[in-house]
Amino acid sequence: MGAPLQLLDTGAHGRLRSISLNRQSTPEQEDFRRIQLIEVTIDSLAEVGYVGSTLAQIASRADVSPGLVAHYFDDKDGLLEAAFRTLSRRLFEQMDVRMRLAHTPRGRIQAIIDTNLGPQEFTQRTGSAWLAFWGQVPHVEGLKRVQNAYQRRMVSNLRYALVRLVPAAEARSLASTIAAMIDGVWLRAALSNWAEADSESARDLLSAFVDARLKECQPHVVDSASRSVRTPDAFQTINPATGEVLATIKVSTASDIDAAVEAAGKAQREWAARTGTERGRILRRAAEILRSRNAQLAQLETRDTGKPIQETSVVDVASGADCLEYFAGVAPTLAGEHLDLGPAAFGYTRREPIGVVAGIGAWNYPLQIACWKSAPALACGNAIIFKPSDMTPLTAIKLQEVLLEAGLPQGLFQVVQGFGETGRLLSRHPGIHKVSVTGSVGTGKAVMADCASTLKHITLELGGKSPLIVCEDARLDNAVSGALLANFYSAGEVCSNGTRVFVHRSVKAAFLEKLKARVSAMKIGNPLDPETQVGSLISENHMDKVLGYIARGRAEGAQIVVGGHRVIAGELANGFFVAPTVFDACHDDMAIARDEIFGPVMTVLPFDDEDEVIARANATEYGLSAGVFTNDLTRGHRMIARLQAGTCWLNHYNITPIEMPFGGVKMSGLGRENGRAAIEHYTQLKSVYVAMRDVESPY
Ligand code: NDP
């Protein structure tokens with residue numbers, strides 16, 4: 001610190017120049033000099049305004065040569081832009097601290113008001129400097145950029161707090177109004193030469209205004225998880241990338257559910273009496289209709305989930321259609337078996353439907369999950385009542401329309417809407433005979449407990465923290481591709497993700513180098529843009545959870561290789577975008593390597609030998625998926641056999657063709673979806689003994 005202080009204290013221009021050009025200056029010293037010059041600039045602006053603040057005048061105030069100022073900032077505009085940026089950054093740093101300390105949305109709004117109009121900020125020095133900048137914004141490109149970023153961030157901070165208190169549309173306009181009022185109070189104070197500047201009454205004015213407006217908007221209750229307005233009777237679904245309200249959905253009541261179960265029961269008896277070929281024909285027609293609506297449905301799914309259209313237009317609808325088509329083909333092949341019991345008798349089994357099934361879906365693959373549950377259920381002669389997640393309720397409704405149009409009789413596929421409570425009405429309903437749920441482990445346990453009272457069949461597709469192992473002989477480019485698919489597809493919101501990437505120590509550096517280059521090139525953006533590869537997370541709460549894990553990873557000593565932050569550039573500030581993140585220097589007991597994050601966060605962990613990595617890979621309560629990259633196939637199969645996971649990939653990751661069963665072991669679930677294995681979970685066997693002789697009785 002000695003040199004910079006000397007720099008500004010000496011007042012000898014020649015000496016200053018020689019110090020500034022001294023190659024020995026550390027980056028810290030250089031930064032310090034810049035900061036000093038910026039402070040002098042802010043003072044100058046406050047005192048003599050923009051026009052008076054020339055480069056020469058600022059240099060003279062700082063007691064340095066104009067050449068030195070130009071060395072750091074090029075010209076006056078460069079210096080003023082840096083000063084404006086500093087002022088704005090400081091304000092937001094203070095705002096962030098205050099907002100973190102606030103525990104309620106209203107408290108966060110107050111934190112914003114208090115920071116802007118607090119006694120430290122609401123002063124002549126800072127205020128005059130701001131005013132000097134504002135006056136020049138229309139004329140200086142650099143200042144315009146800073147001002148735009150400042151405005152966007154201010155409005156977006158306000159809006160994030162407000163959407164928890166009022167409907168999204170009102171939150172948007174109220175956020176802009178509050179921001180404009182804060183600016184107006186500043187401007188008035190500045191124009192009165194700070195004679196009317198009273199921090200306390202300025203804050204009181206804003207607070208009273210906010211409270212009055214919030215009162216007018218009552219009695220809206222806004223769900224903190226989804227940011228949508230939610231009452232016991234209805235909820236809104238929003239586009240998480242933009243905050244746009246997509247629809248208001250009525251919550252199904254207990255009597256709606258009773259009626260649905262009754263209608264399903266009636267329809268199911270007639271449906272079960274049809275041949276498999278007849279049932280299959282309707283499902284195949286539904287697959288065709290679904291495919292013909294790929295573009296509209298993909299767009300709807302993207303808007304409801306925030307996933308890139310690049311994914312939904314080639315995967316979500318298509319894979320749902322594949323599922324319907326596959327089970328359309330399976331339906332006519334359903335059969336029992338003949339059992340030879342000697343000349344006196346024979347036996348056979350009948351594979352019969354279970355009856356009325358409930359499907360409960362997660363929000364990450366709404367249409368696919370609805371298809372994965374309904375196609376096998378219907379193919380096997382059941383009726384199904386499906387409850388999508390309240391965050392993504394839309395495409396299930398479209399699937400219902402498609403199935404009806406394909407000729408499915410009324411009552412066989414019904415959509416009910418609501419929250420966890422609605423799911424409970426289903427899993428506790430005595431008229432429902434099976435529940436298939438996709439969700440978190442906690443929900444799986446709750447559903448299982450609820451199903452116990454009526455001993456329902458259950459399928460549980462739950463969470464995971466899956467390992468992906470990259471051996472030293474693997475083709476590294478393929479392994480990197482696999483790791484990307486295992487972590488960043490659908491912004492990491494995939495249950496089977498291989499988020500613990502174990503890489504052999506001898507290739508870890510090369511692996512990370514390739515990985516970093518490819519992750520850095522990923523395009524984060526508006527999910528409806530076909531170029532976008534990473535879209536928005538599902539909700540603000542979920543984003544906070546993901547960012548919380550990233551912060552925890554850092555705090556526990558892991559190092560960010562790439563990413564590690566929220567993305568708020570331009571229009572993305574309205575959504576919940578998190579940059580794909582890779583952590584190095586991790587160890588197995590860090591939270592980021594233990595817990596399911598369900599976001600774009602990869603941990604890279606080195607290993608030395610096969611036994612060690614298998615033991616570490618299996619050291620988790622989960623067991624959904626696993627992957628191995630190796631060129632030694634014997635070793636690959638050996639390792640896969642030792643991994644405790646329901647779904648494994650050798651030299652690939654996260655590919656789920658409909659022909660292959662999918663599901664987990666350990667805490668990741670029970671039962672299987674997809675493939676012929678699903679039939680086991682949507683039918684029950686009846687054994688029939690057929691006598692071929694007279695009955696011999698001892699009585
Ligand atoms: P949740 O467990 O929060 O919710 C899943 C569904 O269950 C929602 O429709 C939810 O309703 C409903 N629900 C919640 N509580 C109950 C209850 N007590 N009784 C009945 N239904 C209830 O999961 P998310 O939606 O947050 O999805 C993320 C989770 O899903 C992750 O853990 C992920 O790993 C897992 N998942 C597993 C997959 C697999 O195939 N193994 C695939 C995809 C995701 P609502 O949300 O409307 O309140």
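Counting convention: from 1, in listed order, for ligands and their atoms alike.
The proximity of L624 to ligand 1, defined as any non-hydrogen pair under 4.0 Å, is limited to the side chain. Both the backbone and the side chain of D390 come within 4.0 Å of ligand 1, counting heavy atoms alone. With a 4.0 Å heavy-atom cut-off, ligand 1 is reached by the side chain of F598 but not by its N, CA, C or O. Contacts between C495 and ligand 1, counted as non-hydrogen atom pairs separated by less than 4.0 Å, involve both the backbone and the side chain. With a 4.0 Å heavy-atom cut-off, ligand 1 is reached by the backbone of T438 and by its side chain too.
Expressed to the nearest 0.5 Å, how far OG1 of T242 lies from CZ of F576 amounts to 9.0 Å.
Ligand 1 has an N or O atom lying under 3.5 Å from an N or O atom of E596, backbone or side chain. Close N/O approach between S427 and ligand 1 is not found [any backbone or side-chain N/O within under 3.5 Å]. Checked against a 3.5 angstrom limit, the closest N/O atoms of T443 and ligand 1 fall inside it. Between K387 and ligand 1, at least one N/O pair is under 3.5 Å apart.
T683 and R351 are linked by a side-chain donor-acceptor pair at a separation below 3.5 angstrom, with hydrogens and angles left out of the test. With hydrogens and angles left out, the side-chain atoms of K373 and S436 include a donor and acceptor closer than 3.5 Å.
Ring-centre distance between F235 and F419: below the 6.0 Å cut-off.
Sequence neighbours left out, the pairs with a member in residues 358-401 that pass ring-ring contact (aromatic ring centres under 6.0 Å, His included) are W363-H542, W363-F598. Every pair tested for ring-ring contact (aromatic ring centres under 6.0 Å, His included) that includes a residue from residues 426-460 fails, sequence neighbours excluded, so the list is empty.
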